Undergrad: 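Provided herewith is a single structure, encoded as structure tokens, for subsequent inquiry.
It should be emphasised that the depicted structure is a prediction, and the values quoted were computed from it without experimental measurement. In what follows, every chain begins at residue 1, and chains take the letters A, B, ... in the order their sequences are listed.
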Amino acid sequence: MESILVLTHCDETGAALSKGSLEAVTAAHELAARLGEALSIGIVGSKAESAAQSVASAGARVLSVSGEAFTQPRFASDAAACTAICRAAQPTLVLAPHSSRFGRVMAAVAYRLGGKIDTHIASIGGTEGIEASRWLYRQRIEAVLTRTSRPWFLLMDGGIHEPWSGEAAVPHAEQLAVELPAFRTRFVGFRSPDQGGAGTIRPEAKLLFVAGAGWTKKQPDGQIRAAEAGDLILQFLRLSAASLGSSKSLVDQGGDGNAVLPFLNHLNQVGQTGSTPRHPKGLATCCHGEEPHVVGWRFIGERRAISLDPNCGWTRGKADVVYIADAFQVMARLNALLAKSGS
Amino acid sequence: MSSEVQRPATDVDIACVGFGPAMGGFLTTLTRAWDENPADPAFESKIAPGMPLQVICYERADDLAAGVSGVVTRARGIRASFPALDPTEIPMAAAISQERILYLLDPIGASRRSFILRVADFLLRPVTRNHAFELPWTPPFLRKHDGLILSIGQFNQWVASQIMASGIAQIWPGMPVGSPIFADDADKPAVLGVRLADQGVDKHGEPADGFLPGMDVSARLTVVGDGPVGAVGRALSKRFKHGEEHDWALGMKMVIELPENTELEPGTVWHTFGFPEPEIFGFLYVHPDRLASVGIFVPSSLGDPERTAYRYLQLFIQHPVLWQYLKDGTLRSWGAKSLAESGKTGEPILSGDGFARIGEGSGSTNMLTNSGVDEAWTTGAQLGEAVLELLRAGLPFTQENLAGTYEKRRRESWVESGAQRAEHARNGFHHGFVRGMIGMAVAGLSAGRFSLKSGAPPAHKQIRPFTAGDKSGSTLQQAAAQATAENRPLHDALLSARGWPEIPLDGRLLITQQDALLLGGKVQAMPGFADHVQFLDRNLCSSCFEKTCIAMCSGQAITAGPEGLPAFEREKCVHCGACLWNCAQSSDGEHGNIEFRAGSGGLHSAEN
Amino acid sequence: MHLLLSGAAKNSRERKMPNFFHIVVCAGIAPDPLQTLEPATGPNGPGIKNEMLLPAVLDPWAASALYEAAHLAASCAGSKVWLVSLGPKAKLQQLMMTVAQKASFELIAIDGPIGGFTDAHATASVLAGTISAIAGLDKTKLLLFGGWESATRGAGVALQLTGELLGIADQFQGVDRVEMSDDGSFEVLERVEGGKHLASNCGGAPAVLGWATGNLPEPRNNPQVGMANMRTMMPALQKAKTVALDPNGLRYISVSLPSRQRSTRVVKDLNPDEIARELVEWIGAE
């Protein structure tokens, strides 16, 4: 006998659930259906009741914590809100999106409820019991695990389940009052770094475009064409709305005094010591395709690469298609075609 | 670099340069005596009163486990220091269970063999299996049957762990030493300490972001065990009397995980010669857990200016007698190092005021028995005993005192007697492979009483220059054309033009040289250090046809740059030092045109 | 790797602050990022094959936290940095020879199991207990630093739980920058979705900061720093207490290396125009 609670939170508008939250609702609904158990939904946010409308169709008990204090992420208030919802719902299993907001607090919440937590969960399966799968060692090892402790908290990684979509309706949401301590932390604002980062990182993009160190190395004609490389890449990003990733060596070149692409920083780095973004497609350019970088492609669906090296890592099972060609020439023509088609 | 700059300075009692088997022997001997009696007044620091002896060892490599070389050793000196040694305590170690010597014939027909050798091949063919002839008996001078197979990286790590647990010696990795500090006013060899390499400099060594001038370490005794290409040892050799360091080899090795159904047993040792070229000696040592070290030695006496190692190693492992066991294996690690093969002929002065030299850089390697690790360890232990003697007697580390203790012990030991027997063992190789083998056999079987007496020319003279005739030679021309068309190095194209087959890359065992750097050796370098390979007279480089430095660079860190000048990428350098002795040019008639200085980086794989 | 700092931010970092902090950095061991890893299952559950032999580094984001801590301590006179590290003693000893050259700190070593398959709750319990017992630690001045997520378990749980067990009510994760004011309050930048940072202001210590990469480059190996650290480090390693980590009911059903092989089509015979056309079609297709 389990009882399942899915915790959700509002997005930056405060009035709608975050995409990751909607995905977690789908995951929880599936789990509840599979186990034949009841589902509750908890919502934290400034206008939690209005956000609740999008999940009314799940037919679950809805508990909400709303108010000014929960507009923006903060450890103390979010932890208190989630704890209050858990105490009211008394679940044995708690699902939640592994967003930065919930990632910050959920381990503490699990402790307050006397439970245990596992994070970055990719899927929940299992025939006899509940088995959660996740990646360790920076996406290199896949593990399937289970726990007997209850309540068991599972933070779900985004981009795996479909976001919950159903007819909006006004549910009966139980509003919980939460006793809050005096806060020592207050929200100041959101910041975008001066260069790189927000301009070029687009988690929702259909395509990840990775620029490798070959763009700023000496070309076969002996020249370094960093400025031209930068122009081609930026133009492509603009025309295709792709998200920009980079190999570690390209980001590191800035440190070694070589020509750099000024719009790149370490936030763009994909790979073992960088990020592992999720996109349906990925295009690697001027990149050797070595393992420490390619592990960051774990969650990229279709993969293609453009490289002058017919023996690069991509050609050996790491990409679907590798074009042995000069990326400068291909990207120039690609940009021209995209501009013409207005896409 | 500059001495006008304000440098941090520190004082230690004993400064050690490099951590390898020799230093392992030295520090083990020292720290063990301290463990037995820490209250011994000999261990009182003279520079930090009230503290125990300050013994600091500086090692370039970022990790002590990243040493290069699968090794087979009789381990006499090592066992003297560790009487109860059980190989199972040391990761990747195995007691030798089987030893074979194989003469490899050439199934492909591209190898360059003299007429005599071809005749021998023809006569031997009926008694070969898998194109190899096994010597029915191992000559005594080569036998290692009571010895061990070791991974140097794991052995060093194991030794270091015990040294540091004792608390009296510190071993700092990632700390390359730039140069010795000479006592300028001395009228005999004298060293005051060492200067660490500058950090936070650009590739030319000029101060850049976060400039940290290398610290000056003053020491009562500087122990130099930085190997055959270490910067401090070479600076000492340059300044003081040294032997003729003309004979070299590049050892390049792979660590291969054998297939699950392998029949090779741990403790198996094979020594080979004859393939891919007759002069290239090779080896296979089988460690526990289905790991094997497989490698070759490319000697300086192989005069081909386009000699190379990596592709020859790939061809070596595909020789039928080896390939039957290796073919479904996985490359786990890879590395390369230069071996000083001049033996006693290359021996430098072993001590002076304030310094002593141990290990391979002091000419301890025995070229007859082909062993170096045990000898290096033993010279380190001998210096350790000497230092203990001097500390207990309260005597200073002068040249006389060190000669009377360290050098005396060394000269009276089996290391010296073995070195004397080996002194001329390899001379014949400068006149061809067959003569070399005969010479070695004669020297070995007569224990050095008879040998071919002839000297080795300096390394740069051992490289056969291209002549005008060569350049129009069709093989070379064909190779040059192919190299340009396919954007591959000349030495690689030349091997193909001579008939060597292309390597069938499989992404698992047979991989490109660059992939071996990234996957096998995990080569990388910290930023902020100067280029440690320097081309001295650029004019000599631009007028050089041979450019053997490019062909022999283990990491392909040296490549052809514009205007005939070589380009160096230090992130790819594995610090093998091959460039030092593979330069076909010389401005002083003795040394090549390439200097190999102290720098950061190198191998990062533990399965060495 | 640097984010560009604004001029004002740079100045305030270099001023000497009147407030001091007791910064405790929690950092574990991770295999050197370039190493090839393979899972292996032993009597104690899954692990990495030969993990004890692999070159190890201080967990990368925790190492950033250490360097940030050292930098912060240098600018706030009277501050102190402790490094609490749980791992096999022999491995910690090896590791410290490099780490100790980069920052000044007092080491508190805990001799325990290696690897990311251990239970984060058990780790947190050991860390919290050890930190509570640090002699001379002023909890009102405590900044608990560490990596946001480790390169091994990568869960982002151990540090958070340790903070909770220590009763710290202000926690920040994915931190790239912290900027101190004169009165001991500080502004924190945390990584959030979309490549942005969330800026918050915290009234002061105690607080938990789980760092991402931060701003500072890896400090150079400095032998003087190393030698100064050695005086406390060797004794700390020698008196490291040995702990076992309770699995707390965590059970691994399987661990595997995913197969990564695709059958790659290598295209050598198309010209750039043709390649560009093929790519446009591929990008546009659903």
Undergrad: Side chain, backbone, both or neither: which part of A/Leu207 has a heavy atom under 4.5 Å from chain C?
TA: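 It is the side chain, since no backbone atom gets that close.
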
Undergrad: In terms of side-chain geometry, is the basic nitrogen of C/Arg153 or A/Asp118 positioned less than 4.0 Å from the acidic oxygen of its partner?
TA: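 No.
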
Undergrad: Quick one: what part of A/Trp152 sits under 4.5 Å from any heavy atom of chain C, side chain, backbone, both or neither?
TA: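 Neither the backbone nor the side chain of A/Trp152 comes within 4.5 Å of chain C.
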
Undergrad: Just verifying a value: how many Å separate A/Leu145 CG and C/Ser254 OG, rounded to the nearest 0.5 Å?
TA: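 Answer rounded to 0.5 Å: 9.0 Å.
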
Undergrad: Flag the one option from C/Val157, C/Ile275, C/Asn271 with the top tally of heavy-atom pairs under 4.5 Å to chain A.
TA: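 Most heavy-atom pairs under 4.5 Å with chain A: C/Ile275.
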
Undergrad: What's the separation between atom OG1 in A/Thr185 and atom CG in C/Asp170, rounded to the nearest 0.5 Å?
TA: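 The CG atom of C/Asp170 is 3.5 Å from OG1 of A/Thr185, to the nearest 0.5 Å.
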
Undergrad: Between C/Ser263 and chain A, which part of the residue has a heavy atom less than 4.5 Å away: side chain, backbone, both or neither?
TA: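 Only the backbone of C/Ser263 comes within 4.5 Å of chain A.
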
Undergrad: Non-hydrogen atoms of chain A under 4.5 Å away: do they reach the side chain of C/Ser185, the backbone, both or neither?
TA: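 Looking at C/Ser185, nothing touches chain A.
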
Undergrad: Is there side-chain contact between A/Arg104 and C/Leu198, with heavy atoms separated by less than 4.5 Å?
TA: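 Yes, at least one pair of side-chain atoms sits under 4.5 Å.
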
Undergrad: Measuring only between side-chain heavy atoms, which start at C-beta, is C/Arg277 closer than 4.5 Å to A/Leu337?
TA: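 They are in side-chain contact.
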
Undergrad: Find the one option among C/Ala199, C/Gly156, C/Gly203 whose heavy-atom pairs under 4.5 Å with chain A are most numerous.
TA: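 Most heavy-atom pairs under 4.5 Å with chain A: C/Ala199.
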
Undergrad: I need the residue from A/Gln72, A/Arg304, A/Glu204, A/Arg134 with the largest number of non-hydrogen atom pairs under 4.5 Å to chain C.
TA: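 Sorted descending by pairs with chain C, the first entry is A/Arg304.
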
Undergrad: Specify the closest pair of heavy atoms between A/Ser100 and C/Val192, including all atoms of both residues, with the distance to one decimal.
TA: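 Taking A/Ser100 first and C/Val192 second, the nearest heavy atoms are OG-CG1, 3.5 Å.
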
Undergrad: Output yes when a side-chain donor or acceptor of C/Thr264 lies under 3.5 Å from a complementary backbone atom of A/Asp320, and no otherwise.
TA: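 Not at all, since once roles are kept as given, no pair shorter than 3.5 Å links the two residues.
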
Undergrad: Are the side chain of C/Gln160 and the backbone N or O of A/Ala107 linked by a donor-acceptor pair below 3.5 Å?
TA: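 The answer is yes, because a donor-acceptor pair under 3.5 Å joins these two groups.
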
Undergrad: Kindly say whether C/Trp282 contributes a backbone atom to a donor-acceptor pair with the side chain of A/Lys281 at under 3.5 angstrom?
TA: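 Indeed, once roles are kept as given, a pair shorter than 3.5 Å links the two residues.
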
Undergrad: Checking heavy atoms, do the side chain of A/Ser99, its backbone, both or neither come under 4.5 Å from chain C?
TA: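 Interface part for A/Ser99: both.
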
Undergrad: Please classify the contact between C/Asn248 and chain A as side chain, backbone, both or neither, with a heavy-atom cut-off of under 4.5 Å.
TA: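 The answer is both parts of C/Asn248.
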
Undergrad: If you define the side chain from C-beta out and look only at heavy atoms, does anything of A/Phe75 sit under 4.5 Å from C/Ile168?
TA: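 Contact flag for A/Phe75/C/Ile168 side chains = no.
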
Undergrad: Do you know which of A/Gly189, A/Gly126, A/Ala132 has the most heavy-atom pairs under 4.5 Å to chain C?
TA: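 Greatest number of close heavy-atom pairs with chain C: A/Gly189.
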
Undergrad: Using a 6.0 Å distance limit plus a 45 degree cone around the ring axis, check whether A/Arg138 lies over the aromatic ring of C/Trp61.
TA: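 Ring-cation test returns yes.
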
Undergrad: Quick one, C/Leu257 and A/Tyr137 - any side-chain contact, counting heavy atoms below 4.5 Å?
TA: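 Result no, sub-4.5 Å side-chain heavy-atom pair not found.
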
Undergrad: What residue, out of A/Phe190, A/Trp135, A/Phe187, A/Trp314, has the most heavy-atom pairs lying under 4.5 Å from chain C?
TA: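 It is A/Phe190.
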
Undergrad: Could you tell me which of A/Thr119, A/Leu283, A/Val321, A/Ile306 has the largest number of non-hydrogen atom pairs under 4.5 Å with chain C?
TA: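 If we count pairs closer than 4.5 Å to chain C, A/Val321 comes out on top.
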
Undergrad: How long is the straight-line distance from CG of A/Leu239 back to CD1 of C/Ile283, given to the nearest 0.5 Å?
TA: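 Interatomic distance, C/Ile283 CD1 to A/Leu239 CG, rounded to 0.5 Å: 10.0 Å.
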
Undergrad: Indicate yes or no: does A/Arg191 engage C/Glu187 in a salt bridge with an N to O separation below 4.0 Å.
TA: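 Answer for the salt bridge query: yes.
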
Undergrad: Side chain, backbone, both or neither: which part of C/Pro31 has a heavy atom under 4.5 Å from chain A?
TA: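 Side chain only.
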
Undergrad: When you compare the side chain of C/Val267 with that of A/Ile324, does any pair of heavy atoms fall below 4.5 Å?
TA: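 In short, these two side chains do not touch, never coming nearer than 4.5 Å.
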
Undergrad: Between C/Val255, C/Asn201, C/Leu279, who has the most heavy-atom pairs with chain A when the cutoff is under 4.5 Å?
TA: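 Winner by heavy-atom pair count: C/Asn201.
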
Undergrad: Are any of the side-chain heavy atoms of A/Arg303 and C/Arg262 separated by less than 4.5 Å?
TA: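 Yes. Closest side-chain heavy atoms under 4.5 Å.
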
Undergrad: When heavy-atom pairs shorter than 4.5 Å are enumerated against chain C, which of A/Arg74, A/His98, A/Arg112 gives the highest number?
TA: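 Among the listed options, the one with the most contacts to chain C is A/Arg112.
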
Undergrad: Just by modelled atom types, is the C/Ala205 backbone N or O under 3.5 Å from a matching donor or acceptor in the A/Arg184 side chain?
TA: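 Yes, because the side chain of A/Arg184 sits within donor-acceptor range (under 3.5 Å) of the backbone of C/Ala205.
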
Undergrad: Which atoms of A/Met331 are under 4.5 Å from chain C, going by heavy atoms: the side chain, the backbone, both sets, or neither?
TA: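 Neither the backbone nor the side chain of A/Met331 comes within 4.5 Å of chain C.
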
Undergrad: Nearest 0.5 angstrom please: A/Asp11 CG to C/Glu193 CD, how far?
TA: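 If we round to the nearest 0.5 Å, A/Asp11:CG and C/Glu193:CD are 11.0 Å apart.
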
Undergrad: Name the region of A/Pro181, side chain, backbone, both or neither, that has any atom closer than 4.5 Å to a heavy atom of chain C.
TA: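 For A/Pro181, there is no contact with chain C at all, as no heavy atom is under 4.5 Å.
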
Undergrad: Indicate yes or no: does A/Glu131 engage C/Arg251 in a salt bridge with an N to O separation below 4.0 Å.
TA: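 No.
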
Undergrad: Are any of the side-chain heavy atoms of A/Tyr111 and C/His121 separated by less than 4.5 Å?
TA: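 Heavy-atom side-chain distance check fails, nothing below 4.5 Å.
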
Undergrad: I need the residue from C/Gly116, C/Ala151, C/Ala120, C/Gly154 with the largest number of non-hydrogen atom pairs under 4.5 Å to chain A.
TA: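 Most pairs with chain A among the choices: C/Ala151.
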
Undergrad: Counting distance only, does the side-chain N/O of A/Ser192 pair as donor-acceptor with the main-chain N or O of C/Lys196 below 3.5 Å?
TA: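 Pair absent, no side-chain N/O of A/Ser192 close to backbone of C/Lys196.
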
Undergrad: So what's closer than 4.5 Å to chain C heavy atoms on A/Ser149: side chain, backbone, both or neither?
TA: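 For A/Ser149, side-chain heavy atoms alone lie under 4.5 Å from chain C.
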
Undergrad: With respect to chain C, which residue among A/Thr148, A/Val330, A/Thr146 yields the maximal number of heavy-atom pairs within a distance under 4.5 Å?
TA: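 Top count of heavy-atom pairs under 4.5 Å with chain C: A/Thr146.
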
Undergrad: If you count heavy-atom pairs under 4.5 Å with chain A, which of C/Ala207, C/Gly249, C/Ser256 comes out on top?
TA: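 Most heavy-atom pairs within the cutoff with chain A belong to C/Ser256.
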
Undergrad: If you round to the nearest 0.5 Å, how far is CG of C/Leu161 from NZ of A/Lys116?
TA: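 Rounded to the nearest 0.5 Å, the NZ-CG separation comes to 8.5 Å.
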
Undergrad: Taking the side chain as every heavy atom from C-beta outward, state whether A/Tyr323 and C/Val266 have any atom pair closer than 4.5 Å.
TA: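 In short, these two side chains do not touch, never coming nearer than 4.5 Å.
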
Undergrad: Which bit of C/Ala169 is near chain A, if near means a heavy-atom gap under 4.5 Å: side chain, backbone, both or neither?
TA: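 Looking at C/Ala169, just its backbone touches chain A.
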
Undergrad: At a heavy-atom distance under 4.5 Å, which candidate from C/Gln171, C/Glu278, C/Glu190, C/Arg191 has the highest pair count against chain A?
TA: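 Of the candidates given, the most pairs with chain A belong to C/Gln171.
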
